[in-house]
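Single-structure report; data block below.
Only a predicted model underlies this, so the values are computations on that prediction, with no experimental measurement involved. Letters A, B, ... mirror the listed sequences (proteins, then strands); counts begin at 1.
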Amino acid sequence: MNIGEDKKAPLGVWGRYLITAALPYANGPVHIGHMAGVYVPADIYVRYLRAQKRDVVFVGGSDEHGVPITIRAMKEGVSPQQIVDKYHAIIKESFEQMGISFDIYSRTSNQVHHETAAAFFKKLYDEGLFEEKETEQYYDENAKIFLADRYITGTCPVCSNPNAYGDQCERCGSSLSPELLINPRSTLSDAIPVKKKTKHWYFPLQNYESWLKEWILEGHKEWKNNVYGQCKSWLDNGLQSRAMTRDSNWGIKVPLPDAEGKVLYVWFDAPIGYISATKELTPQWADYWCKEDTKLVHFIGKDNIVFHCIIFPAMLKAHGNFVLPDNVPANEFLNIEGDKVSTSRNWAVWVNEYVKDFPGCEDVLRYVLCSNAPETKDNDFTWKDFQEKNNSELVAIFGNFVNRTFVLMHKLCNGKVPPLHTDVMDETDRILIEEIKNAKTKVENCIEEYKFREALFEVIDLARKGNKYLQEKEPWKKVPLNPPSGGAFESDAMVNHKLIDNCIHLCLQLTANLAILINPFLPFTSKKLLHMLKVVDKILDWKNAGKIKLLSVGYSLRPPELLFRKIEDHELSYQVEKLRSGSIKSEPNNEKSEKMGTNDKSTNQPANKSTIQYDDFAKLDLRTGTIVSAEKVEKADKLLKLLIDLGFETRTIVSGIALHFKPEEIVGKQVVVVANLAPRKMRGIESNGMILMAEDKEGKLHFINPDDKINEGSPVT
RNA sequence: GGCGGGGUAGCUCAGUUGGUAAGAGCGUAGGAUUCAUAACCCUAAGGUCACGGGUUCAACUCCCGUCCCCGCUACCA
């Protein structure tokens with residue numbers, strides 16, 4: 001592959017472009033975080049490339065496999081297919097409505113993908129690139145399923161992080177396999193997983209480590225800081241074999257004879273979805289995937305970095321014959337009104353709802369999300385900001401310029417494009433013409449470097465310059481004059497007439513430029529402009545930008561229509577109210593944040609506990625006790641080391657309540673203790689028992705204790 | 001605690017390889033104007049560039065340390 005030789009390729013040297021946007025996971029709709037981080041930037045890039053007449057394909061689709069979907073189906077009593085059908089339709093529609101112009105929006109449950117992914121796997125298998133291991137895999141006997149990586153937690157063998165996930169330790173960055181974990185447990189039913197024999201195929205990432213290091217750390221220093229830093233961290237920590245198959249019946253069947261009940265790991269099959277979608281789109285798919293002069297770019301959220309920068313490239317490398325990503329411009333997260341987006345708390349602005357609440361304002365959302373995109377760090381979306389950006393930039397600068405140009409043209413030039421009289425052009429005119437040219441260069445440079453918000457700023461700035469120009473020229477102050485008939489002579493009036501012509505002429509040409517430049521960002525607006533200017537789509541070719549001969553002299557144009565409307569205060573308060581009233585307080589241990597990235601495939605539902613017999617209860621030795629001392633445990637945010645007087649003895653209990661109570665304020669409190677709990681070491685301190693706590697709906701903890709003070713050590717029955 | 005990303009005007013962000021760049025937009029305050037969706041245009045205020053050291057003739061820009069924010073993760077048997 002083209003290691004090291006592809007830096008800063010000059011414009012136009014790429015034969016074709018293959019652009020992918022992260023496959024959204026089909027167990028929920030998309031929200032504005034997804035849009036801002038992935039789909040809007042990807043779409044801008046693609047529309048720009050198309051305007052450049054580059055050969056480009058933009059693929060996407062729903063990611064429909066994975067255990068969370070089967071779990072959800074189980075809970076709702078429907079089939080996994082029904083779940084994904086429902087959300088695939090919603091997601092697809094949202095993208096269409098927002099103008100995300102996929103060449104194909106596919107899905108991983110369809111036939112082509114099953115075949116492609118299976119064949120990919122088979123090829124690696126046939127070449128002996130997998131390690132086949134029969135292992136004791138963890139099985140949840142309550143839920144009756146093998147536990148997917150994500151559903152097992154345990155201790156990381158590398159850094160001793162006790163809550164590493166089965167697929168990855170996020171503390172030390174190591175990629176793991178479930179059986180490497182020490183002390184595993186099920187997050188589904190809380191059951192202690194039992195081991196059961198099963199066979200799986202592992203992909204030895206470590207074999208690609210040195211290659212990845214060279215390819216990324218040496219060859220792609222231009223990647224964004226956040227992306228490069230993450231990659232470096234993983235690579236420095238060392239890679240390990242990772243199982244690429246799972247025990248499940250939802251997914252792509254492992255294409256081997258002895259693999260009943262086994263499917264491909266969702267992260268193995270999902271990125272292959274990009275290939276399948278391309279296949280489905282065109283018989284020439286291989287040109288895009290296999291020819292070295294293809295520029296492959298993955299648009300993703302930051303939660304996907306490891307898969308798109310490490311695992312998938314290693315898979316492609318192993319398979320051979322495929323191009324590798326030239327860049328992976330991952331974005332950070334978008335918060336809403338100061339809080340992180342959370343599906344479980346319903347703290348989100350859903351695209352399908354936005355489209356209903358603000359019909360015809362799709363471009364406004366695109367504008368706000370792009371101009372405030374989390375390109376370098378997490379950012380905040382507020383409705384106030386949404387209003388201000390709309391009212392003071394789209395309406396007041398961009399829309400207003402276009403509107404005053406059109407109104408003046410109709411008032412002063414009979415609704416036609418006036419001629420340009422070079423004899424009366426001045427410095428101001430020439431500067432404006434220069435600015436139009438510059439704008440094109442600036443915008444394209446920014447887009448090529450994935451700096452979309454800056455690019456968009458430059459477009460708006462051009463409109464700003466138009467307003468300034470208009471202000472300086474003040475054509476409305478000049479006396480309009482009918483075209484001279486017969487022997488015209490130079491007079492002040494004649495000159496004024498020419499000045500008006502020049503001003504409006506240039507403003508109109510500028511407007512045409514705006515249509516071209518804004519097109520990648522606000523395609524609906526661009527369309528409206530073309531309609532008003534009575535020109536065809538052809539004019540949107542990027543090569544036309546920067547020119548001032550886009551509209552023919554004498555051509556009559558349509559009356560103006562407003563491009564944007566103001567957003568009123570009451571619309572904001574409605575949205576904010578909707579957001580707040582719809583939000584659900586969730587329990588803190590369930591407060592797994594939603595990422596604006598699209599593949600948060602974990603769900604974390606505490607299951608209802610099953611019925612127990614009296615005997616089970618009677619096994620507990622519950623006692624009252626009094627806290628005699630409390631201190632914070634070093635290097636642990638949540639732990640307090642407590643000494644509890646139980647009457648017959650005083651013992652040490654380590655409890656995870658430090659975020660809720662200060663040590664000094666709980667000394668002397670009576671508590672209920674599980675006295676016969678097996679000892680357990682935490683942070684090196686042996687804990688002998690457990691304090692009972694109640695948790696309210698805010699997630700706050702409260703001690704459980706007797707109404708009146710009673711003797712230490714009194715049994716609780 | 002670990003890893004990663006950040007901390008620059010009220011807000012959202014730019015600041016290239018260290019040297020007249022401490023900047024932009026919005027917001028705010030004045031002014032001017034009326035072609036325009038009470039919009040546009042002009043002007044102004046304001047920041048010890050998180051903090052403390054260090055390297056240098058010179059640091060927002062390099063080094064060390066500290067603090068804070070965000071994400072993932074850890075300790076809540």
Item checked: Gap separating the CZ atom of A/R453 from the CD atom of A/E458, nearest 0.5 angstrom -> 13.5 Å

Item checked: Integer-rounded Å distance: B/A36 C1' and A/K473 NZ -> 19 Å

Checklist line | Among B/U37, B/A39, B/C35, the one nearest A/F564 by side-chain distance | finding: B/U37

Next item on the list: List the atom of A/I504, the atom of A/P418, and the distance in Å for their closest heavy-atom pair.
Entry: CB-CG, 3.8 Å

Next item on the list: To the nearest Å, give me how far apart CG (A/N331) and C1' (B/G71) are.
Entry: 14 Å

Item checked: First encountered from the 5' end of RNA chain B, between A/R464 and A/V395 -> A/R464

Next item on the list: Check the distance between B/U16's C1' and A/K442's NZ and give it to me in whole angstrom.
Entry: 16 Å

Checklist line | Short side-chain N/O contact to B/A36 OP1/OP2 from A/K411, under 4.0 Å | finding: yes

Check: What nucleotide among B/C42, B/C35, B/U12 has an atom nearest to a side-chain atom of A/K468?
Finding: B/C42

Check: Of the nucleotides B/G5, B/U12, B/C26, which has the atom closest to the A/E332 side chain?
Finding: B/G5

Next item on the list: Verify the contact: side-chain N or O of A/K566 to OP1 or OP2 of B/A39, cut-off strictly under 4.0 Å; return yes or no.
Entry: yes

Item checked: Options B/G71, B/C26, B/U12, nucleotide nearest the side-chain atoms of A/I397 -> B/C26

Item checked: Short side-chain N/O contact to B/A14 OP1/OP2 from A/T376, under 4.0 Å -> yes

Margin query: Within the 4.0 Å heavy-atom criterion, would you say A/E472 contacts the bases, only the backbone, or no part of the nucleic acid?
Written below: nothing

Next item on the list: Look at the side chain of A/F457 and decide which nucleotide, out of B/G71, B/A36, B/A24, has an atom nearest to it.
Entry: B/A24

Check: Just how far, in rounded Å, is C1' of B/U37 from CG of A/N390?
Finding: 11 Å

Check: Picking from B/C35, B/A39, B/U33, which would you name as closest to the side chain of A/R404?
Finding: B/C35

Note to self: Using a heavy-atom cut-off of 4.0 Å across all strands, would you classify A/N226 as base, sugar-phosphate, or nothing?
What the structure shows: sugar-phosphate

Next item on the list: Compare the minimum distances between each of B/A36, B/G27, B/G7 and the side chain of A/V407, then state the nucleotide with the smallest one.
Entry: B/A36

Check: Between A/L510 (CG) and B/C35 (C1'), how many Å, whole number?
Finding: 16 Å

Margin query: Any strand counts, and the cut-off is 3.5 Å on both contacts for Watson-Crick or G-U wobble. Which nucleotide pairs with B/A24?
Written below: B/U12

Notebook entry, point to check: Where the side chain of A/W476 is concerned, which of B/A36, B/G7, B/C35 is the nearest nucleotide?
Noted result: B/C35

Margin query: Need the pair for B/C3. Rule: Watson-Crick or G-U wobble, both distances under 3.5 Å, any strand; none if unpaired.
Written below: B/G71

Margin query: In the structure I gave you, are the side-chain heavy atoms of A/L456 and A/I518 within less than 4.5 Å of one another anywhere?
Written below: yes

Next item on the list: State which of B/C26, B/G6, B/U12 makes the closest approach to the side chain of A/N225.
Entry: B/G6

Item checked: Of A/A463 and A/L562, the one whose closest RNA chain B nucleotide lies more 5' -> A/L562

Next item on the list: Starting at atom CG of A/L394, determine the distance to atom C1' of B/U37, rounded to an integer number of angstrom.
Entry: 13 Å

Check: Can any side-chain N or O of A/E393 pair as donor or acceptor with the backbone N or O of A/I460 at less than 3.5 Å?
Finding: no

Notebook entry, point to check: Rounded to whole angstrom units, what separation is found between the CD1 atom of A/I567 and the P atom of B/U37?
Noted result: 17 Å

Note to self: Any base atoms under 4.0 Å from A/L563, or only sugar-phosphate, or nothing? Heavy atoms, all strands.
What the structure shows: base

Notebook entry, point to check: When you measure from the side chain of A/N403 to the backbone N and O of A/P560, does any donor-acceptor pair fall under 3.5 Å?
Noted result: no

Next item on the list: Supply the atom-to-atom distance A/L563 CG to A/L394 CG, rounded to the nearest 0.5 angstrom.
Entry: 9.5 Å

Note to self: The test is ring-ring contact (aromatic ring centres under 6.0 Å, His included); show your working for A/F358 and A/F386 and say whether it passes.
What the structure shows: CA-CA 12 Å; A/F358 293 95; A/F386 171 83; 5.5 Å; yes

Next item on the list: Find the distance A/Y469:OH to B/A36:C1' and express it as a whole number of Å.
Entry: 17 Å

